[in-house]
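Heads up, the thing below is written out as C-alpha coordinates.
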Amino acid sequence: MRILKTLLPKSGMIYSLEKDILGHRDRDAKVLNALATTYSLGFGSRSKDKVCQESIDSILAGMFASVRSNQDLMAKLRGEPLEFLSVLRITTAWGQLVNDSPFFQMVKCLLNARRTWIADPRPPFDQLQHCRTARAIDEFLALAGTNWGVAEFTLYDLVGGWEEDGEEDQEMNTEEDEEINAEVDEEMGLEETRSAIEAMDIGDEMEIDS
(Lines give C-alpha, C1' and ligand atoms only; values in the text may rest on other atoms or scores of the structure.)
Protein backbone atom coordinates (compact mmCIF):
# COMPACT_ATOMS: atom_id res chain seq x y z
CA MET A 1 0.00 0.00 0.00
CA ARG A 2 1.42 3.40 -0.99
CA ILE A 3 0.57 6.55 0.92
CA LEU A 4 1.01 10.17 -0.06
CA LYS A 5 3.70 11.14 2.44
CA THR A 6 6.26 8.63 1.18
CA LEU A 7 5.92 9.92 -2.40
CA LEU A 8 6.24 13.66 -1.77
CA PRO A 9 9.50 15.44 -2.68
CA LYS A 10 11.80 15.61 0.33
CA SER A 11 14.97 17.64 -0.27
CA GLY A 12 14.56 21.11 1.21
CA MET A 13 11.22 20.20 2.80
CA ILE A 14 10.39 19.18 6.40
CA TYR A 15 6.94 17.62 6.76
CA SER A 16 4.92 17.09 9.91
CA LEU A 17 5.36 13.79 11.73
CA GLU A 18 1.83 12.51 11.08
CA LYS A 19 1.62 9.62 8.64
CA ASP A 20 -1.56 11.15 7.17
CA ILE A 21 0.07 14.30 5.88
CA LEU A 22 -3.26 16.05 5.19
CA GLY A 23 -4.74 15.08 8.55
CA HIS A 24 -6.96 12.21 7.38
CA ARG A 25 -6.32 9.04 5.41
CA ASP A 26 -9.24 9.73 3.05
CA ARG A 27 -7.82 13.14 2.09
CA ASP A 28 -4.36 11.71 1.47
CA ALA A 29 -5.87 8.97 -0.68
CA LYS A 30 -7.96 11.44 -2.71
CA VAL A 31 -4.94 13.57 -3.57
CA LEU A 32 -2.71 10.60 -4.37
CA ASN A 33 -5.42 9.02 -6.51
CA ALA A 34 -5.96 12.32 -8.35
CA LEU A 35 -2.24 12.59 -9.12
CA ALA A 36 -1.99 8.95 -10.17
CA THR A 37 -5.10 9.11 -12.35
CA THR A 38 -4.23 12.37 -14.08
CA TYR A 39 -0.62 11.50 -14.85
CA SER A 40 -0.85 7.68 -15.09
CA LEU A 41 1.58 7.23 -12.22
CA GLY A 42 2.46 3.69 -11.25
CA PHE A 43 3.96 2.48 -7.99
CA GLY A 44 4.50 -0.79 -6.20
CA SER A 45 8.27 -1.25 -6.05
CA ARG A 46 11.00 1.04 -4.76
CA SER A 47 12.29 1.75 -8.26
CA LYS A 48 8.80 2.64 -9.49
CA ASP A 49 8.16 4.72 -6.39
CA LYS A 50 11.37 6.70 -7.01
CA VAL A 51 10.23 7.53 -10.56
CA CYS A 52 6.77 8.37 -9.20
CA GLN A 53 8.26 10.68 -6.55
CA GLU A 54 10.28 12.53 -9.19
CA SER A 55 7.16 12.90 -11.34
CA ILE A 56 5.14 14.26 -8.42
CA ASP A 57 7.95 16.72 -7.67
CA SER A 58 7.75 18.04 -11.24
CA ILE A 59 3.93 18.18 -11.11
CA LEU A 60 3.81 20.13 -7.85
CA ALA A 61 6.62 22.46 -8.92
CA GLY A 62 4.76 23.14 -12.14
CA MET A 63 1.64 24.03 -10.19
CA PHE A 64 3.45 26.78 -8.25
CA ALA A 65 5.42 27.93 -11.28
CA SER A 66 2.25 28.30 -13.37
CA VAL A 67 1.15 31.30 -11.33
CA ARG A 68 3.70 33.71 -12.81
CA SER A 69 2.57 33.09 -16.40
CA ASN A 70 -1.19 33.17 -15.72
CA GLN A 71 -2.66 36.68 -15.63
CA ASP A 72 -5.87 35.57 -13.89
CA LEU A 73 -3.90 33.83 -11.13
CA MET A 74 -1.57 36.80 -10.73
CA ALA A 75 -4.60 39.08 -10.31
CA LYS A 76 -6.20 36.73 -7.76
CA LEU A 77 -2.90 36.42 -5.88
CA ARG A 78 -3.31 40.01 -4.69
CA GLY A 79 -6.70 39.18 -3.17
CA GLU A 80 -8.07 36.61 -0.73
CA PRO A 81 -5.78 33.52 -0.56
CA LEU A 82 -8.56 30.91 -0.45
CA GLU A 83 -10.26 32.47 -3.48
CA PHE A 84 -6.93 32.32 -5.27
CA LEU A 85 -6.55 28.64 -4.38
CA SER A 86 -10.02 27.86 -5.71
CA VAL A 87 -8.98 29.29 -9.08
CA LEU A 88 -5.61 27.52 -8.94
CA ARG A 89 -7.37 24.22 -8.29
CA ILE A 90 -9.54 24.39 -11.40
CA THR A 91 -6.56 25.39 -13.54
CA THR A 92 -4.55 22.43 -12.22
CA ALA A 93 -5.23 19.10 -13.93
CA TRP A 94 -5.15 16.89 -10.82
CA GLY A 95 -6.88 19.59 -8.76
CA GLN A 96 -10.00 19.20 -10.90
CA LEU A 97 -10.44 15.70 -9.47
CA VAL A 98 -10.65 16.82 -5.83
CA ASN A 99 -12.71 19.34 -3.87
CA ASP A 100 -11.37 22.60 -2.46
CA SER A 101 -10.64 21.20 1.00
CA PRO A 102 -8.01 18.53 0.15
CA PHE A 103 -6.48 20.82 -2.46
CA PHE A 104 -6.19 23.69 0.03
CA GLN A 105 -4.63 21.39 2.60
CA MET A 106 -2.16 19.98 0.10
CA VAL A 107 -0.94 23.48 -0.73
CA LYS A 108 -0.80 24.35 2.97
CA CYS A 109 1.20 21.17 3.65
CA LEU A 110 3.76 21.99 0.97
CA LEU A 111 4.12 25.64 2.03
CA ASN A 112 4.52 24.62 5.67
CA ALA A 113 7.13 22.00 4.79
CA ARG A 114 9.23 24.57 2.95
CA ARG A 115 8.79 27.23 5.64
CA THR A 116 9.82 24.70 8.30
CA TRP A 117 13.04 23.93 6.41
CA ILE A 118 13.78 27.64 6.02
CA ALA A 119 13.29 28.15 9.78
CA ASP A 120 15.44 25.13 10.69
CA PRO A 121 17.66 24.12 7.74
CA ARG A 122 18.94 20.56 7.39
CA PRO A 123 21.22 18.94 4.80
CA PRO A 124 21.52 19.49 1.94
CA PHE A 125 22.08 23.18 2.62
CA ASP A 126 22.85 24.04 -1.01
CA GLN A 127 19.46 25.11 -2.34
CA LEU A 128 20.45 24.02 -5.84
CA GLN A 129 20.20 20.47 -4.47
CA HIS A 130 16.67 21.02 -3.23
CA CYS A 131 13.67 19.46 -4.95
CA ARG A 132 11.94 21.34 -7.76
CA THR A 133 8.90 21.91 -5.54
CA ALA A 134 10.95 23.64 -2.84
CA ARG A 135 12.54 26.00 -5.36
CA ALA A 136 9.20 26.70 -7.04
CA ILE A 137 7.67 27.53 -3.65
CA ASP A 138 10.49 30.02 -3.03
CA GLU A 139 9.63 31.77 -6.30
CA PHE A 140 5.92 31.69 -5.46
CA LEU A 141 6.46 33.24 -2.01
CA ALA A 142 8.68 35.90 -3.58
CA LEU A 143 5.61 36.92 -5.58
CA ALA A 144 2.97 36.38 -2.90
CA GLY A 145 4.81 37.39 0.26
CA THR A 146 6.61 35.33 2.90
CA ASN A 147 3.57 34.93 5.16
CA TRP A 148 1.03 34.43 2.38
CA GLY A 149 -1.97 32.39 3.51
CA VAL A 150 -0.81 31.78 7.09
CA ALA A 151 -3.67 33.67 8.78
CA GLU A 152 -6.30 32.35 6.37
CA PHE A 153 -5.20 28.72 6.79
CA THR A 154 -5.35 29.14 10.57
CA LEU A 155 -8.88 30.54 10.40
CA TYR A 156 -9.95 27.82 7.96
CA ASP A 157 -8.66 25.27 10.44
CA LEU A 158 -10.52 26.85 13.36
CA VAL A 159 -13.88 26.70 11.57
CA GLY A 160 -13.34 23.09 10.53
CA GLY A 161 -12.88 23.87 6.85
CA TRP A 162 -10.68 20.82 6.28
CA GLU A 163 -13.44 18.37 7.17
CA GLU A 164 -15.42 16.83 4.32
CA ASP A 165 -18.66 14.90 4.29
CA GLY A 166 -18.13 11.18 4.05
CA GLU A 167 -14.81 11.03 5.88
CA GLU A 168 -14.87 7.98 8.10
CA ASP A 169 -13.44 7.89 11.60
CA GLN A 170 -10.04 6.30 11.69
CA GLU A 171 -9.26 3.45 14.06
CA MET A 172 -5.79 3.75 15.48
CA ASN A 173 -3.34 0.98 16.40
CA THR A 174 -4.69 -1.49 13.86
CA GLU A 175 -2.35 -3.89 12.11
CA GLU A 176 -2.66 -1.85 8.90
CA ASP A 177 -1.76 1.37 10.74
CA GLU A 178 1.34 -0.28 12.18
CA GLU A 179 2.44 -1.45 8.72
CA ILE A 180 1.94 2.04 7.29
CA ASN A 181 3.83 3.67 10.18
CA ALA A 182 6.75 1.28 9.65
CA GLU A 183 6.79 2.04 5.92
CA VAL A 184 6.76 5.80 6.49
CA ASP A 185 9.49 5.61 9.14
CA GLU A 186 11.69 3.48 6.88
CA GLU A 187 11.17 5.68 3.83
CA MET A 188 11.76 8.95 5.69
CA GLY A 189 14.83 7.50 7.43
CA LEU A 190 16.36 6.43 4.14
CA GLU A 191 15.63 9.83 2.61
CA GLU A 192 17.31 11.69 5.47
CA THR A 193 20.35 9.40 5.18
CA ARG A 194 20.56 10.00 1.43
CA SER A 195 20.35 13.76 1.95
CA ALA A 196 23.13 13.69 4.54
CA ILE A 197 25.38 11.66 2.26
CA GLU A 198 24.77 13.98 -0.69
CA ALA A 199 25.53 16.99 1.49
CA MET A 200 28.87 15.45 2.52
CA ASP A 201 29.62 14.70 -1.15
CA ILE A 202 30.37 11.04 -0.49
CA GLY A 203 27.44 9.64 -2.41
CA ASP A 204 29.75 7.79 -4.84
CA GLU A 205 31.55 6.05 -2.02
CA MET A 206 28.54 4.69 -0.19
CA GLU A 207 25.40 2.99 -1.45
CA ILE A 208 22.08 2.76 0.35
CA ASP A 209 19.87 -0.21 -0.43
CA SER A 210 16.45 0.85 -1.65
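For this chain, numbers begin at 1 and follow the sequence in order.
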request  = Output, in order, the C-alpha distance, side-chain angles, deciding distance and verdict of side-chain contact (heavy atoms from CB on, under 4.5 Å) for Phe140 and Leu111.
outcome  = CA-CA 10 Å; Phe140 171 78; Leu111 292 175; 4.3 Å; yes
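- Side-chain N or O atoms of Asp28 include none that pairs as donor or acceptor with a backbone N or O of Leu4 at under 3.5 Å.
- Using modelled atom types and a 3.5 Å distance limit, the side chains of Gln105 and Arg27 yield a donor-acceptor pair.
- Of the possible donor and acceptor atoms, one in the side chain of Lys5 sits under 3.5 Å from a partner among the backbone N and O of Ser16.
- Counting all heavy atoms, side chain and backbone alike, Arg115 lies closest to Gly145 at NH2-O, 4.4 Å.
- The shortest distance between side-chain heavy atoms of Ile137 and Met13 falls below 4.5 Å.
- Every residue two or more places apart in sequence or in another chain that forms a side chain to side chain contact (heavy atoms under 4.5 Å, CB included) with Thr38 is listed here: Ala93, Trp94, Leu97.
- The two residues Trp117 and Pro124 make their nearest non-hydrogen contact at CZ2-O, 3.7 Å.
- Counting only distance, with no hydrogens or angles, the side chain of Asn99 and the backbone of Ser101 share no donor-acceptor pair below 3.5 Å.
- Contact check for Leu7 versus Leu32: side-chain heavy atoms found under the 4.5 Å cut-off.
- Annotation: side chain of Glu54 is not in contact with side chain of Ile56 (no heavy-atom distance under 4.5 Å).
- Taken from OG in Ser58 to CE in Met63, the straight-line distance is 13.0 Å, to the nearest 0.5 Å.
- Under the 4.5 Å side-chain heavy-atom criterion for ILVMFWY residues, a single connected hydrophobic cluster contains both Leu141 and Leu60.
- Residues passing the side-chain hydrogen bond (donor to acceptor under 3.5 Å, both in side chains) test with Ser47 are Ser45, sequence neighbours excluded.
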Anything under 3.5 Å between a donor and an acceptor, one on a side chain of residues 77-89, the other on a protein residue two or more places apart or in another chain? List them.
{"residue": "Arg78", "atom": "NH1", "partner": "Met74", "partner atom": "O", "Å": "3.2"}
{"residue": "Glu80", "atom": "OE1", "partner": "Leu82", "partner atom": "N", "Å": "2.8"}
{"residue": "Glu80", "atom": "OE1", "partner": "Glu83", "partner atom": "N", "Å": "3.1"}
{"residue": "Ser86", "atom": "OG", "partner": "Leu82", "partner atom": "O", "Å": "3.2"}
{"residue": "Ser86", "atom": "OG", "partner": "Asp100", "partner atom": "OD2", "Å": "3.1"}
{"residue": "Arg89", "atom": "NE", "partner": "Asp100", "partner atom": "OD1", "Å": "2.7"}
{"residue": "Arg89", "atom": "NH1", "partner": "Gly95", "partner atom": "O", "Å": "3.1"}
{"residue": "Arg89", "atom": "NH1", "partner": "Val98", "partner atom": "O", "Å": "2.9"}

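- Judged by distance alone, with hydrogens and angles left aside, the side-chain atoms of Gln53 form no donor-acceptor pair with the main-chain N or O of Pro9 at under 3.5 Å.
- Among residues two or more places apart in sequence or in another chain, the side-chain hydrogen bond (donor to acceptor under 3.5 Å, both in side chains) test is passed with Asp57 by Thr133.
- Between the Lys76 side chain and the Gln71 main chain, no donor and acceptor come within less than 3.5 Å of each other.
- Not one N or O on the side chain of Arg25 forms a donor-acceptor pair closer than 3.5 Å with the backbone of Asp20.
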inquiry  = Before you tell me yes or no, could you show the steps for Tyr15 and Leu110 under side-chain contact (heavy atoms from CB on, under 4.5 Å), namely the whole-Å CA-CA distance, both residues' side-chain angles and the distance that decides it to 0.1 Å?
reply    = CA-CA 8 Å; Tyr15 297 99; Leu110 295 168; 4.0 Å; yes
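- Although no hydrogens or angles enter the test, the distance criterion places a donor-acceptor pair under 3.5 Å between the side chain of Asn70 and the main chain of Leu73.
- For Asp138, the side-chain hydrogen bond (donor to acceptor under 3.5 Å, both in side chains) partners at least two apart in sequence or on another chain are Arg114.
- Contact of the Phe153 side chain with the Lys108 side chain is registered, since non-hydrogen atoms from C-beta on lie closer than 4.5 Å.
- Judged purely by atom type and a 3.5 angstrom limit, Lys10 uses its side chain to pair as donor or acceptor with the backbone of Leu8.
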request  = Report the C-alpha distance between Leu22 and Lys30 in whole Å, list the side-chain angles of each, state the deciding distance to 0.1 Å, and finish with yes or no for side-chain contact (heavy atoms from CB on, under 4.5 Å).
outcome  = CA-CA 10 Å; Leu22 305 185; Lys30 287 175 182 176; over 6 Å; no
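- In terms of hydrophobic clustering, with Ile, Leu, Val, Met, Phe, Trp and Tyr side chains grouped at heavy-atom distances under 4.5 Å, Val67 and Trp148 are assigned to a common cluster.
- Applying the salt bridge (Lys or Arg N to Asp or Glu O under 4.0 Å) test to pairs two or more places apart or on separate chains, none has a residue in residues 143-156.
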ask   = Can you list the steps and then say if Tyr39 with Ser55 is a side-chain contact (heavy atoms from CB on, under 4.5 Å)?
value = CA-CA 9 Å; Tyr39 300 99; Ser55 296; over 6 Å; no
